[in-house]
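Take a look at the structure below.
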Amino acid sequence: MTKKLHIKTYGCQMNVYDSARLAELLAPQGYALSDDAEGADLVVLNTCHIREKAAEKVYSELGRLRQRQDERAAAGGELRIAVAGCVAQAEGPEIMRRAPFVAAVVGPQSYHRLPAMLAGAPGAVATEFPAAEKFAALARQPTRPAASAFLTVQEGCDKFCTFCVVPYTRGSEFSRPAADLLAEAERLVAIGAREVTLLGQNVNAWHGAGPDGAPWTLGRLIRALAALPGLERLRYMTSHPLEMDDDLIAAHAEVPQLMPFLHLPVQSGSDRILRAMNRRHDADAYRRIIDRLRAAQPDLALSSDFIVGFPGETDADHKATLALIRDVGFAQAFSFKYSPRPGTPAATIEQQVPDHVMTARLAELQALVMRQQLAFNRACVGRTMDVLIDRPGKRPGQWIGKSPYMQSVVVDGPADWQGHLVETFIVDGYQNSLNGRVHGAASAAAA
Ligand code: 5AD
Ligand code: SF4
């Protein structure tokens, strides 16, 4: 009998990738994935621990699920609950203590064990880091992806930025073998992907022996992937400035499939704060990397992450961040108030910045980034670009797709446009989207 599986995914794209793999791992046990939790036999919370009260959110969600579990039991059924992801890794035994009704807890490198754990005694916790074993256990037949698919190539982090919990929750840097990645990408394209986004906490630290035996870095892998017939767009995220090597920069000039958009977090524009964050480069080093990237690909649009209110951040530090944003010019950016993560070095620094100061700095930084984003979107008006249609719009006959620069573009088109790549004339540019008019399909969707 098929059982209903619901996975609630929090956080980053890698969790989205992991949730899809979890569903594939559970399918042989008769679980069919469902978008809604109503009537589910198994609910998996795939959690994130990067900022704010992530763990508390998980405990309150677990409280709600417990009620459902009781209701199901009263009706003679059973609802099983599992917790995966980075909160599972950080809080494993604590979750079992506070929520003993949970059937299993699995960390990001041990989730391949979930099917066996569910078949065994309840209450098991798996938080080891067997990354290679996990990838080897994943299904060889991925479920049909959207036109744009994710592919985890690298996982974990050895950088130990002093604010960040990732090195503790995802473990140390691990690169998947090139041959496995080429095979997975080929399978994705065969079942309908036209765009593949390579994922990794330090994706540009990916390295390994190529099928030719030579040592490959990410630039070489991108070139090999670009040679796969039918793979029309490539992206990669998230990168660290220290790992932006010459070959990867050259790939931006030489590989037409590599989209002219790069998410390259800098976190702060103050050298003092960058040092305290253990980022291991200064603000000018970041500016120089951007210059080299733009020399290779003048059309490159940039995105970044910023943290305001890192402990000890002064007004002068904050102004240095605003100056860097003005110098670089971003097409979009994500910005966050610093949030102390238990177990990280920065959490113990005494000079924490008061919340009202963080609020004011965040508002100022976001206003600047919003102006840059609007200017970038408006500058696209009058241009023609390929848009990869990925979901229906609000009105019938309306579609939303992604530009090469990751903007959402709204167009009118026929009912069968899902997954098409269409040449689009940009008519309007707004804060968060573009409006386009389509001349004709650039190429037909893969079957
Ligand atoms: N507080 C605030 N933001 C954080 N990030 C990571 N850790 C923290 C933290 N403790 C942000 C960084 C990172 C992004 C994924 O989340 O900007 O690049
Ligand atoms: Fe966290 Fe820094 Fe590693 Fe990025 S590079 S995952 S911010 S420790």
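Each ligand, and each atom within it, is numbered from 1 in the order the structure gives.
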Stepwise salt bridge (charged side-chain N to carboxylate O under 4.0 Å, His left out) test for K8 and D36
CA-CA 9 Å; K8 187 163 179 181; D36 81 285; over 6 Å; no
R341 NZ/CZ over F163 ring centroid, <6.0 Å and within 45° of normal:
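The answer is no; the distance or angle limit is not met.
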With heavy-atom distances below 4.0 Å as the criterion, list the atoms of ligand 2 near [X].
| X | result |
| --- | --- |
| H240 | 5 (S) |
| P167 | 8 (S) |
| C161 | 2 (Fe), 5 (S), 7 (S), 8 (S) |
| F163 | 7 (S) |

Answer yes or no: does an N/O atom from [X] fall short of 3.5 Å to an N/O atom of ligand 1?
| X | value |
| --- | --- |
| F163 | yes |
| R341 | no |
| Y338 | no |

With a 4.0 Å cut-off on N to O distance, would you call [X] and [Y] a salt bridge?
| X | Y | answer |
| --- | --- | --- |
| R279 | D271 | no |
| D386 | R233 | no |
| R287 | D284 | yes |
| K402 | E195 | no |

Compare E243, K159, R279, E173 and give the one whose heavy atom is closest to atom 4 (Fe) of ligand 2.
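Looking at heavy atoms only, R279 sits closest to atom 4 (Fe) of ligand 2.
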Assess, by modelled atom type and distance only, whether the side chains of K159 and N202 contain a donor and an acceptor separated by less than 3.5 Å.
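Checked: K159/N202 side chains pair up, N/O donor to acceptor below 3.5 Å.
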Polar contact flag, side-chain donor to acceptor under 3.5 angstrom, D390-S148:
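D390 vs S148: no donor-acceptor pair found between side chains.
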Return the residue, atom name and 0.1 Å-rounded distance of the protein heavy atom closest to [atom].
| atom | value |
| --- | --- |
| atom 17 (O) of ligand 1 | Q267 OE1, 2.6 Å |
| atom 1 (N) of ligand 1 | S339 N, 3.0 Å |
| atom 1 (Fe) of ligand 2 | C164 SG, 2.3 Å |
| atom 3 (Fe) of ligand 2 | C157 SG, 2.1 Å |
| atom 16 (O) of ligand 1 | R51 NH1, 2.5 Å |

Heavy-atom donor-acceptor pair, Y111 side chain to R21 backbone, under 3.5 Å:
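No.
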Distance under 4.0 Å to a non-hydrogen atom of D305: what atoms of ligand 1 satisfy this?
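In order of numbering, the contacting atoms are 13 (C), 14 (C), 15 (C), 17 (O), 18 (O).
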So how far is it from L228 CG to Q257 CD, rounded to the nearest 0.5 Å?
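Atom-to-atom, L228:CG and Q257:CD are 9.5 Å apart.
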Looking at Q431, I want to see if its CD is surrounded by more than 12 non-hydrogen atoms of other residues, nucleotides or ligands under 6.0 Å.
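Above 12, so yes.
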How does I50 reach ligand 1, if at all, at less than 4.0 Å between non-hydrogen atoms: by side chain, backbone, both, or neither?
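Looking at I50 and ligand 1, atoms from backbone and side chain both fall under 4.0 Å.
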K337 contact mode with ligand 1 (heavy-atom cut-off under 4.0 Å):
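The part of K337 near ligand 1 is the backbone, not the side chain.
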Would you please determine whether R170 falls within less than 4.0 Å of ligand 2 on a heavy-atom basis?
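Judged by the 4.0 Å heavy-atom criterion, R170 does not count as contacting ligand 2.
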